[in-house]
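See below for the structure under consideration.
First the proteins, then the strands, lettered A, B, ... as listed; each starts at 1.
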Amino acid sequence: MYRPSSLLSNPPNQDFSLRGGSDEDNLDNSLEAERRYFKLRPGFATSDQTMELCNPYHEDRNVSQDERDFNPSSVTFEWLRQAESASLYGGSEDYTRPVLHHVRSWGREVVREKPFSVIHEFDAWRKNPELAEAVAAIKALTAVIKRSGASTMMGLEVELKEASDALKAWDESSISLSAGCDLFMRYVTRTSAIEYEDIEAGKARLIERGEKFGDISQKARRTIAELGKDFIVNGTTVLTHGYSRVVIALLKLAASEGKDFNVVCTEGRPDNTGAEMAKELVPAGIPVTLVLDAGVAYMMETIDMVLVGADGVVESGGIINMLGTYQTALIARSLKKPVYVAAESYKFARLFPLDQRDMSPAPRHVDFLVPLPQTVRVENSARDYTPPQYLTLLFTDLGILTPSAVSDELIQLYL
Amino acid sequence: MIAAMPDYQAAVDDFVTRLRRRQVEGSLITAKLTAELLRQVVSHQRLPNVGQAAVLIDVVKSVGLRMIAANPIAIAAANRSALRAPSLHNLLESIPDPVKTPEAPAASVGDSDSKSRSGDRNSVSWKLKHNVIEGITELLQDLDDYHTHVAEQALEHIHQNEVILTLGRSRSLLKFLLEAKKKRSFQVVVAEGAPRYQGHTLAKELAEKGLQTTVITDSAVFAMISRVNMVIIGAHAVMANGGVLAPVGMHMVALAARRHAVPFVVLAGVHKLCPQYPHKPYTLLNDMKSPAEVVEFGELSECFAAGTGDHTTYVVNPTFDYIPPDLVSIFITDTGGHNPSYVYRLIAEYYSPEDYFLQ
């Protein structure tokens, strides 16, 4: 569960607060590996008192206040630390005391571990290729509940909020991640409003719900596949863009029913989504054609329908998906082909982009294979926003929706 | 599973046969007859003490499935409303529920409600049946009043000295126009609507009431459309995405209207709402009638070489046309005027999600 290797791959400006423990005997075995890792770093003392100075968290305190304000990730943990110290010591500004407190509580209570374990938990769940990001996040939050030492629902909520914020800060550009966190938080808030006899019953209920959520991800794909397969009939040519497990499930289900159709995949630079899709679809017996991203208009006259997944579904009924979805939808609209979107309900986000730049940026490195002159700028957004007027229908596990129905469903989900 | 009672079984069989033979035609008639039949079914059904709602729903579903098998189009349209197990679901919700489980995406509220009802007492069981029958009676009354409610809105839409275009014949359209005639003077252009030529009947009815009417052929619609202020038609069914099932030829009129920016108004009662999405509307939700209505067999008999089995000529005679939602300007229902993009809301109001697929 704790993977030191994942720490190594993290970029330097994202730090995870590691409370270096001084009480060796009480450490978890897995945590010892981390501790030893930090012990081996050159230039740091290894005595108990200064052990704290080893960890990057502690290094923060040597960073000037201005830098701390600038760097978002350190501010987050600074805030957390201050919040903790405020709650524990009635507003004391003594930074050393929370650390000592952590040291003291290192043993059996893993309460103070919260931000640390959430990210790692999430990381662990994410490794499973079948699980979507949002589901991994919810599983991580469920783990937070399991380890929580809170004695009231409100306390639990606060801890979860911290963990949820940590997860969101970890990857600010992922919409399904923040949508998943938000959904779970809404559910927690709603549940905590109900009077439970004791905190354990409330926690048990939340844990049960969180664990069921993993099944929902699988079930959602099956439901969507069942709903959407009727739209594929013999002789259909489907165009797809990007790599979506939901779309794959839908196409495989249609193929397994003996339907005769073929699929055109766009190349999907720079992620090679076309090749990935082809690798999944060909074993199912579906003929696949690959085309350059620039060839969508060229192919569109032979296409009967466009089917894409979504990274997020926004309040207007539009979708956020891999770069190139918007132009595919524009071309399809122009040539009067229907555009269908397959998305699970936990991708519904409380966002309303007004234009393409109105989202949190998600840059992606693009390799142009030739050296570029110095002054050339590269526009490397990984995704775009497709407005609802270019979409025909959305297949979700809540049913088939027209784009205008999405906001109603969002309200029901979040209220 | 409770065995079907013989008293209403004969009535169900009779109705199913008539549907199969297409002896029952017209969405309003079909809806009324279905509702009356279901009322009979529900009132005769013996309910056990436990799990009554589930039993009722099962019975209604089984009758409904038989009817749908007999005539999918008429049923898909008109009788979904009568087969509204949501009237059952809604009534279940109105009975007080001690524990309100929080809304969860995976849970089915209807199922949990009906399970919690399994401990109902006798008095509540009688009440349930009574409520359902009351609901169906209300529905029948709504069906009777439907034409009046739609016609009431006529004055808002038809203005002085306007030219209205229509195709074929629709009873609700007739009442709509006659209601407007009381206060406004306008003219009507009626396309005859081959191959049934019901436009002729409508033109006669309008002329009898003193409305200035012109009859044109279907092919003249595009030529006339630029001279027309508004197109008003009656729908056979409205699909969940706002698409319209209408008599054949309407799609052409809708396209012509879009081309000349003429408002395309569709009259549709709430009983015409169908919760299905059309995935292959032109063929799946269509009734192919006999080609003899279009062309005499004798004229083409050489083309049908029965001996070799080689066909060089196909004659297609569809009954319905599918009009995509972006061609419709407004739906006039008994509850008022609505945008096509609003249809999902109407469906959500009148149907519960469990009813979208009866199987």
Under the side-chain contact (heavy atoms from CB on, under 4.5 Å) rule, what do Ser404(A) and Tyr344(B) come out as? Steps first, then yes or no, please. CA-CA 8 Å; Ser404(A) 40; Tyr344(B) 77 92; 3.9 Å; yes

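- Atom-to-atom distance recorded for Asp326(B):CG and Gln389(A):CD is 12.0 Å, nearest 0.5 angstrom.
- In terms of heavy-atom pairs under 4.5 Å with chain B, the best-connected choice from Asp408(A), Thr223(A), Val233(A) is Asp408(A).
- Highest contact tally toward chain B, considering only Ile232(A), Thr392(A), Leu393(A), is held by Leu393(A) [criterion: heavy-atom pairs under 4.5 Å].
- Between atom CZ of residue Arg345(B) and atom OG1 of residue Thr402(A) there is a gap of 11.5 Å, rounded to the nearest 0.5 Å.
- Summarising the geometry, atom NE2 belonging to His279(B) is positioned 9.0 Å from atom NZ belonging to Lys229(A); distances are rounded to the nearest 0.5 Å.
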Would Asp230(A) and Tyr277(B) satisfy side-chain contact (heavy atoms from CB on, under 4.5 Å), going step by step from the backbone distance to the final call? CA-CA 10 Å; Asp230(A) 287 328; Tyr277(B) 284 85; over 6 Å; no

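- In this structure, the portion of Pro278(B) lying under 4.5 Å from any heavy atom of chain A is its backbone and not its side chain.
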